[in-house]
Number of protein chains: 2
Amino acid sequence: MTRATPRNAVSSQTVLDTALTLFAERGYHGTALSQIAEALEVRTPSLYNHMTSKQELLQTIVEATVRGVLADFRQATQGRTEPIDRLFHAVLVYARRHATHRREAIVVNRDTSSLEEPFRSQMQALRREHEHALRQIISDGVAAGRFTVDSPALASFAIRELCVSIARWYQDDGPIGPDQVAREYTEFALSIVGVGKR
Amino acid sequence: MTRATPRNAVSSQTVLDTALTLFAERGYHGTALSQIAEALEVRTPSLYNHMTSKQELLQTIVEATVRGVLADFRQATQGRTEPIDRLFHAVLVYARRHATHRREAIVVNRDTSSLEEPFRSQMQALRREHEHALRQIISDGVAAGRFTVDSPALASFAIRELCVSIARWYQDDGPIGPDQVAREYTEFALSIVGVGKR
DNA sequence: CCAGCTAGCTAACGCTCGTAAGTTTCGCTT
DNA sequence: AAGCGAAACTTACGAGCGTTAGCTAGCTGG
């Protein structure tokens, strides 16, 4: 049975959450399990009651995040056919996620290279799916005469990295909420492909 | 005296260059001195004939890069007074640098947190100088009615990260040169602050 | 041709890391 | 009240890290 009133609130969840915070702060290789343990006020080997390895922590974080991004994208674009509409909502949820899931975004973008094979390649394939889907929207929009941009590939890269960058400065306790940031950045994205304010 | 025909072409320069490549690939903490040595076909302790510590390698890379960015900025903006003109040239050189100095940009943006104090704080102060100078151009442009943007701070963040992101996908042997990338990204930046193509 | 310096080498250090094994504590169930 | 099981603990391991010390080969300048 799981303890009703545990002496300390340590669980798979809290270990993962603490790892997430520290990985985002100092990187995967820059974070020692002893630091995670210390943050939880526990000895290092006790962590193994809630996980199987340090690498597994990273894999859990990356997989959940990458799958979340794809799920967001599908939900945001399904049923929409107009390129401007599709791009607007695809960017909106992607930008928003980087304000609400800052730590995850930072870890995925910095430490994917620390994933062991073949997991790393699998995750990269999933990321490419999102990458290509977004580029496709832009290409379609250019073909339909809705967007004005020299290179859809360049614009796609620019827009994605623009959203990712939110994770690097956004502060939860700041004066501006996730929805507001997402809307402003979506405006930036649309202006990149030559769509003025509506 | 320096050897005229060294057995192997190992020097402070080549050590730094190899470190730069590996740091960019795997991160500072993810790179072992033994890997740098292996790439140079030399045993690990031999590196100490050309450097004083691993940390020093990182410091050299970061300092040169950050100072380079500031020097670029000053040269590009001096003598220019028109906000559009100032922003155009400031972004152009900044974007260009991220195509020509990819590895440096990646290391600075990922591993500044691995710098030891007080060096880390000094470098952050220098980076803030560039940050503030760029934001000032945007604020001035908004005040002068040249730019249309809700928040100069947000736009400044977006434009800087946009340039930084070039380092993450640009390939020297690709079909597109540094000047061309820089020009296209500068167009993106100007469209973010509401300046259409000229 | 020899002295000296540069830059390589081997060996070894102290430390920290991730992980394993086995033991102890203690609340909940029966 | 007993005892089971979860989750903490201590101890220890082997590997790898950055770095130091001391030795050696060989080119270079005199």
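Only this structure's heavy atoms are used, side chains among them; waters, hydrogens and symmetry mates stay out. Each chain gets a letter, A, B and so on, in the order its sequence line appears, and its residues count up from 1.
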> Does a salt bridge link B/Glu38 with B/Arg43, judged by any charged N lying under 4.0 Å from a carboxylate O?
Replying inline: no
> When you check the gap from the basic side-chain N to the acidic O, do A/Arg74 and A/Glu129 get nearer than 4.0 Å?
Replying inline: yes
> Counting side-chain heavy atoms from CB outward, which of C/dA7, C/dC9, D/dC9 is closest to B/His50?
Replying inline: C/dA7
> So do A/Arg110 and B/Asp111 actually touch side chain to side chain, heavy atoms under 4.5 Å?
Replying inline: no
> Any N or O donor-acceptor pair linking the side chain of A/Asn49 to the base of D/dA8 at under 3.5 Å?
Replying inline: yes
In whole Å, what is the span from the [atom1] atom of [X] to the [atom2] atom of [N]?
X	N	atom1	atom2	result
A/His29	C/dG18	NE2	P	10 Å
A/Leu47	C/dA20	CG	C1'	14 Å
A/Leu22	C/dC17	CG	P	13 Å
A/Glu116	C/dG18	CD	P	13 Å
A/Glu56	C/dG18	CD	P	15 Å
A/Glu38	D/dC9	CD	P	13 Å

> For nucleotides 11-24 of chain D, read 5' to 3', which letter fits each nucleotide if B means a protein heavy atom sits under 4.0 Å from the base, S means only the sugar-phosphate is that close, and - means neither?
Replying inline: B-----SSBB----
>> Taking only side-chain N and O atoms of B/Ser46, does any of them lie within less than 4.0 angstrom of OP1 or OP2 on C/dC9?
In response: yes
> What class does the angle between the rings of A/Phe23 and A/Tyr28 fall in, given that below 30° is parallel, 30 to 60° is tilted and above 60° is perpendicular?
Replying inline: perpendicular
>> According to ring pair (Phe, Tyr, Trp, His ring centres under 6.0 Å), who are the partners of A/His29, at least two apart in sequence or on a separate chain?
In response: none
> Got a second to check how far B/Glu184's CD is from B/Asp179's CG, nearest 0.5 Å?
Replying inline: 12.0 Å
